[in-house]
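Remarks on the structure that follows.
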There are 2 protein chains.
Amino acid sequence: MSNSTPATIEDVARIAEVSIATVSRAIHMPEKVANSTRLKVNQAIAITGYTTNAMARSLRLGRSNMILVVAPDIGDPNFSNILVGLENEARAHGYGILIGHTQNDAQRGLEYLKFLNSNQAAGLILFTGILPFGHQTMTARLPPSVGVFEPVFNGGIPYVGVDDTEGARKAVDLLLAEGHRKIAFIGDSRTRLAYTRRRMGYDAGLDAAGIPPDTRIVLEGDGTIESGRHAVEQLFMRDTLPTAFMCVNDQTAIGVMVGLGARGYDIPRDFSVTGFDDVPQAVFISPPLTTIRQPRTAIGKQAMALLLELLSDGRPTETEILLRPDLVVRNSVSAPSRNWSKR
Amino acid sequence: MSNSTPATIEDVARIAEVSIATVSRAIHMPEKVANSTRLKVNQAIAITGYTTNAMARSLRLGRSNMILVVAPDIGDPNFSNILVGLENEARAHGYGILIGHTQNDAQRGLEYLKFLNSNQAAGLILFTGILPFGHQTMTARLPPSVGVFEPVFNGGIPYVGVDDTEGARKAVDLLLAEGHRKIAFIGDSRTRLAYTRRRMGYDAGLDAAGIPPDTRIVLEGDGTIESGRHAVEQLFMRDTLPTAFMCVNDQTAIGVMVGLGARGYDIPRDFSVTGFDDVPQAVFISPPLTTIRQPRTAIGKQAMALLLELLSDGRPTETEILLRPDLVVRNSVSAPSRNWSKR
DNA sequence: ACGCCTTATGTAAACCTTTACATACATCGT
DNA sequence: ACGATGTATGTAAAGGTTTACATAAGGCGT
């Protein structure tokens with residue numbers, strides 16, 4: 001029973017007094033085997049504690065029961081909850097997940113290519129917007145894949161994310177409702193689609209409020225804390241100060257708050273700030289950040305569900321799933337101060 | 001070249017005009033094959049883009065190249081950096097890692113047992129102090145395993161962590177050096193060894209300073225934010241206030257700070273607070289938390305290195321590796337205020 | 001009673017590798 | 001010149017599973 005080497009299908013077959021084919025069928029196509037035999041097999045399985053050897057099975061089937069999840073940074077606060085969603089859904093369907101992080105290093109990406117080529121993963125979940133591996137040639141060989149947050153590189157791969165435009169719209173609308181008219185957008189970027197879309201929401205909100213766009217207060221950024229801080233400095237140097245900072249993500253917002261704090265300003269009294277993502281820190285920084293929440297667990301679940309569908313059907317039913325983002329009101333937004341609204 | 005089905009060892013053998021055995025040897029025991037043939041084989045590999053099929057290899061070898069990492073909570077801020085260390089070290093030796101989180105649910109743990117039984121993981125890294133699976137019977141069948149942070153359940157498994165006693169000692173010594181004499185210990189627990197050891201460091205520090213222990217200001221806790229908050233309430237109700245709170249971890253410290261803030265006190269003016277772990281939030285909360293840094297990447301690296309050693313040797317060289325924790329001074333500690341030091 | 005269809009089970013090949021063993025050949029010491 | 005030793009390569013088995021195909025048996029219509 002508690003043998004050193006695990007039981008094989010043959011052990012089960014011997015005890016149940018059937019052939020190994022029957023055992024395999026009893027497990028995977030129960031309706032194809034007589035009730036009485038199925039019972040014998042099940043008993044034998046219980047006795048031996050048999051578990052299918054996944055290696056042999058994958059080898060035979062030519063496909064594994066593992067899904068590779070590639071992310072640029074596992075430590076990213078956005079990542080872990082997505083993972084929960086991914087994992088729960090995967091396991092519910094008999095798949096396991098394998099995690100790799102590229103650390104934005106192309107070399108790393110290549111190593112994961114090996115996994116794929118050696119059939120260790122049946123499917124792929126891509127977090128980066130850019131395919132981590134040697135682009136064009138590889139695409140053909142990629143297993144069924146799903147992107148998270150953003151469509152991947154050269155398309156053809158469905159993805160699930162949040163409706164960035166709508167989320168940004170909610171943020172800008174809140175700011176407008178509070179009475180802000182000079183609202184900066186921090187973190188503009190043409191390379192990341194999610195950021196581009198958030199910019200679109202910002203533009204749309206301003207437009208709907210009849211406020212003409214002012215590119216002097218739209219600053220570029222790469223979503224890091226440093227980029228937020230830098231943007232604040234630029235605005236002060238150019239003397240084109242807004243009353244509110246709508247940031248492309250929470251990290252940027254934190255940078256903005258740090259920059260503003262370093263110059264002695266109080267938030268939200270002197271300036272309002274909004275973020276995007278609702279990372280765990282958002283609630284701990286001071287003041288707690290008003291931001292847009294990503295339904296992370298749901299995103300993970302949906303992404304995996306889509307991938308599993310691809311794995312069985314082979315054909316994606318939809319090419320893009322956008323979830324609804326929610327506004328989370330905390331304490332970093334208020335009406336514009338008298339001082340600044342004069343400008 | 002860019003065939004639909006990946007190249008096998010036979011394709012390589014045919015092109016290189018050798019037998020498959022030679023190809024295998026050229027890859028895994030290069031010194032056993034003549035230079036000229038090795039060259040031919042390498043060229044053939046380059047042409048075909050061959051990668052060893054991990055399934056077949058694992059099946060043949062009877063062991064996989066995957067390491068299962070089981071953690072109670074992937075979202076734990078302590079987790080991700082450890083993972084980086086684990087993963088880097090693993091990949092450097094040709095292993096991949098597989099992540100599972102039990103969410104403190106025994107049922108979940110059982111599902112991972114299947115992975116192990118089906119030979120999908122060659123080794124195991126355990127984050128929980130408690131073996132996640134049906135305890136006694138299973139231990140025999142466990143693959144080589146290493147614990148992180150704490151020894152696992154019933155021992156026999158080496159572990160790597162931080163020297164909790166020393167870390168706690170550094171925190172209490174800082175507080176003492178600032179002049180504190182009434183230092184509370186928040187988060188005492190007999191079930192988690194790491195916490196018990198931190199308590200030991202606290203006791204030792206007090207003892208060395210000639211301060212008699214005062215159990216009225218040693219409160220239990222489970223390391224959650226809520227537990228820290230609760231402890232503060234208790235101390236106020238009992239009217240046994242300390243001048244400083246030494247917390248068993250950062251979460252508890254955050255809870256303490258929240259509780260103190262809710263009562264209108266300023267940190268560090270009215271009370272000093274220290275944490276343990278140096279989670280990413282520690283720098284963002286206000287005031288930034290003075291705490292003990294866990295060398296997380298190093299812990300991960302060491303744990304994996306130990307496991308790999310186990311996998312080759314089969315015998316652990318050491319049963320416990322304790323890394324040195326560092327004090328990180330931020331802004332939550334100052335000399336005791338005049339008001340409170342009068343007590 | 002016979003052929004035919006259906007249902008339940010068994011046999012054996014295939015998936016791709018690694019490696020013990022066998023073979024072939026070259027080198028060396030005598 | 002010959003046996004011994006060593007080196008380089010090939011042959012074939014084994015690892016655990018799934019499944020196409022073969023077989024066997026039972027039921028049914030005529």
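We name chains A, B, ... by the order of the sequence lines, and we start the count at 1 in each one.
Judged as a ring pair (Phe, Tyr, Trp, His ring centres under 6.0 Å), not a single pair has a partner in residues 33-73 of chain A (not counting sequence neighbours). Among residue pairs with one or both ends in residues 5-28 of chain A, those qualifying as salt bridge (Lys or Arg N to Asp or Glu O under 4.0 Å) are Asp11(A)-Arg14(A); sequence neighbours excluded.
Sorted by residue number, the members of residues 27-36 of chain B with any non-hydrogen atom under 4.0 Å from DNA chain C read His28(B).
Scored by the side-chain hydrogen bond (donor to acceptor under 3.5 Å, both in side chains) test, Gln294(B) finds Asp277(B) as partners (sequence neighbours excluded). Applying the side-chain hydrogen bond (donor to acceptor under 3.5 Å, both in side chains) rule to Glu89(A) yields the partners Lys301(A); only residues at least two apart in sequence or on another chain are considered. Residues forming a salt bridge (Lys or Arg N to Asp or Glu O under 4.0 Å) with Arg38(B) (at least two apart in sequence, or on another chain): none. Partners of Phe149(B) by ring-ring contact (aromatic ring centres under 6.0 Å, His included), not counting sequence neighbours, listed by chain and number: Phe127(B). By the side-chain hydrogen bond (donor to acceptor under 3.5 Å, both in side chains) test, His28(A) pairs with Arg57(A), sequence neighbours left out. With sequence neighbours left out, Arg60(B) forms a side-chain hydrogen bond (donor to acceptor under 3.5 Å, both in side chains) with no residue at all. By the side-chain contact (heavy atoms from CB on, under 4.5 Å) test, Ala303(B) is found to be paired with Leu86(B), Ile125(B), Val146(B), Val148(B), Val160(B), residues two or more places apart in sequence or in another chain being considered.
Separating the CD atom of Gln120(B) from the C1' atom of dG15(D) is a distance of 16 Å, rounded to the nearest angstrom. The nearest whole Å value for the distance from the CD atom in Glu10(A) to the P atom in dG10(C) is 13 Å.
In plain terms, the two heavy atoms of Leu306(B) and Ile321(B) that are nearest each other are CD2-CD1, 4.2 Å.
Within 4.0 Å of Thr37(A), counting heavy atoms only, lie sugar-phosphate atoms of the nucleic acid but no base atom.
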B/S/- contact track for nucleotides 11-16 of chain C, protein heavy atom under 4.0 Å: B-BBBB

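Remark on the helix from dA1(C)-dT30(D) to dT30(C)-dA1(D): inter-end axis angle 50°, axes from five-pair C1' superpositions, rounded to 10°.
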